[in-house]
Trainee: 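Have a look at this one before I ask anything.
These numbers come from a predicted model, not from an experiment.
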Amino acid sequence: MALAVSTSVLGTPARAGLLIERNLLIYRHTWYLLLAEVLEPMLYLLTIGVGIGQLVGRVPGLGPDGADLGYSVYVAPALLATAAMNGAMNETTFNMFAKLKLQRVYDSILATPMTVYDVAVGEVCWALLRGVLITLGFLAVVGAFGLIHSVWILLVIPGAALVGFAFASVGLAVVTYLRNWADFQFIQLAMLPMFLFATTFYPLGVYPRPIQIAVECLPLYQSIQLIRLPALGEVGPALLVPVVYLVLMGVLGLRIALPRMQRLLLH
């Protein structure tokens, strides 16, 4: 197996790449799972973006420079950000928990020259890639519905990569605290309200100012801003805030996860 090859002279990126290669070989036979994750945001787009959008019509003030904007065009970028978040977070929580607790995958991997650091980097990079692939799949759906109105939507791809990095790193930290499958309810308890309140379906202005401040602190809100602004053709310094936020979030997640994984896997 590729992971059994001596890699003592290789750097961490190369060793982490071997873990990504392993995951790709596995997903070659379970690629349909990625399509299932595209289905969830597509259902939200159909039921809320398009369905409720037929009742709402065009909403004043949501477009660039305060222009009117179709409701489904407003919702679609938020669902793109959510797809990137879920794709990355699911990989480093649900899937990685199974590898840690049930399959004991990392016991055999760490018997090779790979280190815990290599495993962490490899899993985060794989989760990031998974989030981008899911986002691209949903982007194709958005295009098929005719909801793309700016060439700047191409920035969704690096944006999704950054969103994936941030949430994959946090997921890596979170999974080290999980004791059993029941603990995943706490993840849902955090993720579902964030999904509903982070301007996914309505603008920040509907809230009173104290709640607006709280919403602006949510990582999904910053992720949606990173995707929604270029998708609507608004490219400028405002994008720096979500970029810096998500980079710091990802670095902090790794900073917490690495020593905990070291203790978890080597003791």
Side-chain angles (χ1 to χ4, degrees), residues 34 37-54 56-89 128-167 194-206 212 215-216 218-247 249:
L34 295 179
E37 293 206 42
V38 174
L39 180 62
E40 180 181 351
M42 186 175 75
L43 291 175
Y44 279 112
L45 181 63
L46 285 171
T47 56
I48 298 179
V50 176
I52 295 180
Q54 291 295 315
V56 174
R58 299 185 67 81
V59 183
L62 294 185
D65 301 321
D68 293 355
L69 187 69
Y71 182 68
S72 55
V73 176
Y74 177 79
V75 169
L79 294 176
L80 282 166
T82 304
M85 174 189 74
N86 288 336
M89 192 81 173
L128 182 160
L129 177 61
R130 191 169 180 265
V132 170
L133 289 174
I134 292 169
T135 304
L136 287 173
F138 185 58
L139 182 60
V141 173
V142 170
F145 278 91
L147 302 178
I148 295 177
H149 294 280
S150 171
V151 295
W152 289 111
I153 201 168
L154 293 176
L155 291 179
V156 162
I157 300 171
L162 183 53
V163 172
F165 165 68
F167 281 96
M194 183 168 62
F195 171 65
L196 294 175
F197 283 93
T199 71
T200 310
F201 301 112
Y202 36 80
L204 190 63
V206 302
Q212 288 182 23
V215 170
E216 288 171 343
L218 296 175
L220 181 56
Y221 170 79
Q222 297 297 335
S223 302
I224 289 173
Q225 286 293 95
L226 183 62
I227 302 298
R228 180 177 275 152
L229 290 177
L232 299 181
E234 299 182 62
V235 178
L239 289 174
L240 292 177
V241 175
V243 167
V244 172
Y245 181 105
L246 293 170
V247 168
M249 175 180 165

Trainee: Specify the closest pair of heavy atoms between P242 and L226, including all atoms of both residues, with the distance to one decimal.
Mentor: CB-CB, 4.0 Å
Trainee: Mind listing the side-chain donor-acceptor pairs of residues 218-225 below 3.5 Å, one per line with the distance, residues two or more places apart or on another chain?
Mentor:
residue : atom : partner : partner atom : Å
Q222    : NE2  : E216    : O            : 2.7
S223    : OG   : P219    : O            : 2.8

Trainee: Strictly by salt bridge (charged side-chain N to carboxylate O under 4.0 Å, His left out), give each pair with a member in residues 37-46 just once, sequence neighbours left out.
Mentor: E37-R130
Trainee: Keeping T47 on the side-chain end and L43 on the backbone end, is there a donor-acceptor pair under 3.5 Å?
Mentor: yes
Trainee: As an exercise, state the distance from CG of L79 to CE of M42, rounded to the nearest 0.5 Å.
Mentor: 12.0 Å
Trainee: Measuring from L129:CG to F165:CZ, what's the distance to the nearest 0.5 Å?
Mentor: 15.0 Å
Trainee: Of all heavy-atom pairs between V215 and A198, which one has the smallest distance, and what is that distance?
Mentor: CG1-CA, 4.1 Å
Trainee: Is any side-chain heavy atom of L229 closer than 4.5 Å to one of L155?
Mentor: no
Trainee: Kindly compute the distance separating CG (L80) from CD1 (I134), expressed to the nearest 0.5 Å.
Mentor: 12.0 Å
Trainee: Got a second to check how far L133's CG is from F138's CZ, nearest 0.5 Å?
Mentor: 15.5 Å
Trainee: Which pairs count as side chain to side chain donor-acceptor pair (under 3.5 Å) when at least one residue sits in residues 71-85, sequence neighbours excluded?
Mentor: Y74-R228
Trainee: Could you tell me which residues satisfy side-chain hydrogen bond (donor to acceptor under 3.5 Å, both in side chains) with Q212, sequence neighbours excluded, listed by chain and number?
Mentor: R209
Trainee: Does the side chain of I153 reach to within under 4.5 Å of the side chain of L232, using non-hydrogen atoms?
Mentor: no
Trainee: Just wondering, do L136 and I157 contact through their side chains at under 4.5 Å, heavy atoms?
Mentor: yes
Trainee: Enter the distance from T135:OG1 to N86:CG here, rounded to the nearest 0.5 Å.
Mentor: 9.5 Å
Trainee: Kindly give the heavy-atom pair with the smallest separation between P203 and T199, and that separation in Å.
Mentor: C-CG2, 4.1 Å
Trainee: Pairs of donor and acceptor atoms involving the side chains of residues 144-151, under 3.5 Å and at least two apart or interchain, shall be tabulated with distances.
Mentor:
residue : atom : partner : partner atom : Å
S150    : OG   : W152    : N            : 3.1

Trainee: CG/L162 to CG/L246 distance, rounded to the nearest 0.5 angstrom?
Mentor: 4.5 Å
Trainee: For F195, which residues count as a ring pair (Phe, Tyr, Trp, His ring centres under 6.0 Å) partner, sequence neighbours excluded?
Mentor: Y44, F201
